[in-house]
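A short write-up of the structure that comes next.
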Amino acid sequence: MLWDTNYHFNLPPPILRLLEILEAGGFEAVVVGGCVRDYLLGRTPKDCDLATNATPQELAPLLKAHKIPTIPLGLAFGTLGARFGKQVFEITTYREESGYTDHRHPKVHFNATLETDLKRRDFTINALACHPQKGLLDLHGGLADLRAKRLRFVGVAVDRVNEDALRILRALRFASVLGFKLEPKSAQAVLEHAPLLKHISKERIFAELCQILMGAQAGAVCATYVSVLEGVLNTPLNPQILAPLSQTPLNLTTRFLGLLFSCPTPLESLEQLKPPKKLLKNIEKLLPYIHQSPPTSKVWLKTQMQNLRLSQVRAWLGWLKAYEPSKWAVLRTHFKQIGAQREVYTLGFLAINGRSLKGVGLKKAEIGACLQACLKEVIHQRLENTPPALSKFARAWAQNLRENALK
């Protein structure tokens, strides 16, 4: 193996400690995967994983001797967690994978080397290893692909997606998040083998789809690989409508609104992926808003804010930013003014409440109706939001109610 000692990595102290313990115990250990990729891209890694020729059965007593708690994260795949305070670092035994069943689950063999362990990985940019003294190990051209912002499967692309169909969506996720382009053979494998995603659980598909949508290049990726998404959602989609997705804020509800905008049966398509109930309810509430061209008056917006949560208003405005930017600019200004000036748009902002109206002679249901009438007048700026003005209006409203009842 040819290590490049010109590369130095600012690894976290717990990782350095684990490397020290494993090597002192007579084992190999290196940092692998996304952590190395992110360091080379100048990003802060979300986590840092180790690969080693030690098995979990060998690791557990070794770490226990150094008073490091362990967690059995996935012993069937050779993964043990080492806890340092609130942080958990994964340590996985070198392994080979073969005999994939249902295009997802492999047979795992632990009589492997670092070379074979890196060879089993999905993309060249994830098949990198580093070590504080040895530097960088790149056996599959991952560094060149990083520099070219290119996404390429390790080995034969068709074989990789046939082994594990989830790699199809992982490819789109990395393209979206990192802004990389799939090289031609990898792109072809993704497009031609997308039907294999029927073997993947809906929950896993939904999780990957969320990450694709939240990427900086979501619009371009979704438009380019629209046929993959059509298979996932089981519905036709319009790539031209998907393209502006990246112009929306990084809000999951907003991005799903963009994804489902051209979908004939949006709720049914989303529901089959088993999303959280909160997201489904948000989408159901906001779908009517994306299929109309909204008025731009502040009064209209306040009326809608009575029926929507603030988070739903923000998600809808985020969608509007990409698809009707001129109206978004006006409505966003109104929305900010309403919040900054604490303008009245719900009963909670009125200067009177139900208790204030008890002396007017109204019953329970009538009190609610009177308050709604007060709110409407204040929103339309026909009535001041002050106790005297509201009380006077309420008395007149009650009097009118009684006179109509006598007719």
Side-chain angles (χ1 to χ4, degrees), residues 1-4 7 9 11-12 15 29-52 73-74 77-79 89-98 100 104-106 108 112-131 134-183 185-187 189-190 193 200 204 207-208 211-212 214-217 221:
M1 289 185 292
L2 186 61
W3 289 84
D4 189 339
Y7 287 87
F9 298 85
L11 300 172
I15 286 292
V30 296
V31 179
V32 291
C35 173
V36 185
R37 177 199 69 227
D38 288 344
Y39 273 125
L40 291 169
L41 288 173
R43 295 168 169 245
T44 301
K46 292 182 179 179
D47 48 42
C48 212
D49 302 330
L50 290 180
T52 177
L73 296 176
F77 293 94
T79 301
F89 296 89
E90 292 186 7
I91 311 173
T92 302
T93 306
Y94 296 157
R95 68 178 192 250
E96 289 184 272
E97 296 174 346
S98 64
Y100 280 77
R104 181 74 181 106
H105 301 100
V108 176
T113 63
L114 176 56
E115 293 94 328
T116 54
D117 186 81
L118 294 175
K119 187 178 180 180
R120 71 173 176 82
R121 296 175 184 270
D122 48 11
F123 304 103
T124 60
I125 61 171
N126 294 335
L128 297 161
C130 76
H131 187 277
K134 298 176 183 177
L136 176 70
L137 180 64
D138 176 16
L139 300 178
H140 300 282
L143 186 59
D145 287 335
L146 279 178
R147 289 170 174 163
K149 295 187 176 182
R150 180 171 56 227
L151 201 58
R152 182 164 55 93
F153 286 105
V154 173
V156 180
V158 171
D159 293 345
R160 296 291 82 78
V161 297
N162 266 311
E163 290 167 349
D164 184 354
L166 188 63
R167 289 170 175 164
I168 294 169
L169 294 182
R170 282 173 59 82
L172 302 193
R173 188 230 298 180
F174 285 120
S176 177
V177 172
L178 298 177
F180 284 20
K181 301 286 187 183
L182 273 74
E183 58 85 29
K185 290 183 179 179
S186 296
V190 163
H193 291 78
I200 305 300
R204 292 304 300 270
E208 288 293 334
Q211 294 187 75
I212 292 168
M214 293 299 281
Q217 297 301 317
V221 170

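Predicted model only: the values in this text are computed from it and were never measured. All values below were derived from every heavy atom in this structure, side-chain atoms included, with hydrogens, water molecules and symmetry-related copies excluded.
Note that OH of Tyr7 and CG of Leu143 are 4.0 Å apart. Values are rounded to the nearest 0.5 Å. The CG atom of Leu40 sits 10.5 Å away from the CD1 atom of Ile125 when rounded to the nearest 0.5 Å. If you take CZ on Arg37 and CG on Asn126, they are separated by 5.0 Å, rounding to the nearest 0.5 Å. Here Asp122 contributes atom CG and Ile168 contributes atom CD1; the two are 12.5 Å apart, rounded to the nearest 0.5 Å. Rounding to the nearest 0.5 angstrom, the gap separating the CZ atom in Arg150 from the CD atom in Glu183 is 8.0 Å. The line from CG of Asp138 to NE2 of His140 is 8.5 Å long, rounded to the nearest 0.5 Å.
Between Leu128 and Leu118, the closest heavy-atom pair is O-CD2, 4.2 Å. When all heavy atoms of Phe153 and Thr124 are compared, the closest pair comes out as O-CG2, 4.0 Å. For the residue pair Ile200 and Leu166, the shortest heavy atom distance occurs at CD1-N, 3.7 Å. Nearest heavy-atom pair across Cys35 and Asp47 is CB-O, 3.4 Å. The two residues Cys48 and Phe89 make their nearest non-hydrogen contact at O-CD2, 3.5 Å. Leu50 and Val32 get closest at one heavy-atom pair: C-CG2, 4.3 Å.
Residues Tyr39 and Leu11 are in side-chain contact: their nearest non-hydrogen atoms beyond the backbone lie under 4.5 Å apart. Between Val30 and Trp3 there is a side-chain heavy-atom pair separated by less than 4.5 Å. The side-chain heavy atoms of Asp164 and Arg170, taken from C-beta on, include no pair separated by under 4.5 Å. Side-chain atoms of Leu182 and Phe174, non-hydrogen and from C-beta on, never get closer than 4.5 Å to each other.
Checking side-chain atoms of Arg167 against main-chain N and O of Arg160 turns up a donor-acceptor pair under 3.5 Å. Of the possible donor and acceptor atoms, one in the side chain of Arg95 sits under 3.5 Å from a partner among the backbone N and O of Phe77. Side-chain atoms of Arg152 do not come within 3.5 Å of backbone N or O of Ser186 as any donor-acceptor pair.
The side chain to side chain donor-acceptor pair (under 3.5 Å) test applied to Thr113 returns Glu115, Thr116, not counting sequence neighbours.
The number of heavy-atom neighbours closer than 6.0 Å to NZ of Lys185, taken from other residues, nucleotides and ligands shown, is 12 or below.
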Going through the distances and angles, do Thr92 and Asp49 end up as a side-chain contact (heavy atoms from CB on, under 4.5 Å)?
-> CA-CA 8 Å; Thr92 302; Asp49 302 330; over 6 Å; no

